[in-house]
Amino acid sequence: MREFEIPLGNAPKVGAEFHLVRWSQQADAWTPETILVTYVSSTPEEWVVERAGSPTRLSREEWLPFQP
């Protein structure tokens, strides 16, 4: 898997903090989960970010940028 140095699509600048959101169905309702992460890089399939100081890879299909 290749990581890209330049942002893809709607990615922020390297080192910028941004929010991601994902939705999950629980019982009879959809609920959002939002997280604040620091952008490191991305691939067409994944966000490569730091979350709570730890490197993390998150699916771009599952996690979407969110502007609170």
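- Residues satisfying the side chain to side chain contact (heavy atoms under 4.5 Å, CB included) test with Pro68, not counting sequence neighbours, are His19, Phe66.
- With sequence neighbours left out, the side chain to side chain donor-acceptor pair (under 3.5 Å) criterion links Glu33 to Arg22.
- Atom CD of Glu50 sits about 10.0 Å away from atom CD of Glu17, to the nearest 0.5 Å.
- Between the OG atom in Ser41 and the CZ atom in Arg57 there is a gap of 6.5 Å [rounded to 0.5 Å].
- For Ser54, the side chain to side chain contact (heavy atoms under 4.5 Å, CB included) criterion is met by no residue, not counting sequence neighbours.
- For Gln25, the CD atom is densely surrounded, since the number of other residues' heavy atoms within 6.0 Å is greater than 12.
- Contact record, Phe18 with Pro12: CD2-CG, 3.4 Å, taken as the closest heavy-atom pair.
- Under the 4.5 Å side-chain contact rule for hydrophobic residues, Ile35 and Val21 do not share a cluster.
- Taking all atoms of both residues into account, the shortest heavy-atom contact from Arg60 to Pro44 is CD-O, 3.5 Å.
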### Message
For a side-chain contact (heavy atoms from CB on, under 4.5 Å) check, start with the C-alpha distance between Glu45 and Ser59, then their side-chain angles and the critical distance, and finish with the verdict.
### Response
CA-CA 6 Å; Glu45 295 83 25; Ser59 168; over 6 Å; no
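- The CH2 atom of Trp23 sits 10.5 Å away from atom CG of Leu64, with the distance rounded to the nearest 0.5 Å.
- Formation of a donor-acceptor pair under 3.5 Å by the Trp47 side chain with backbone atoms of Trp63 is found in this model.
- When Leu20, Val37, Thr38, Leu36 are each tested for a side-chain contact (heavy atoms from CB on, under 4.5 Å) with Arg51, only one passes: Val37.
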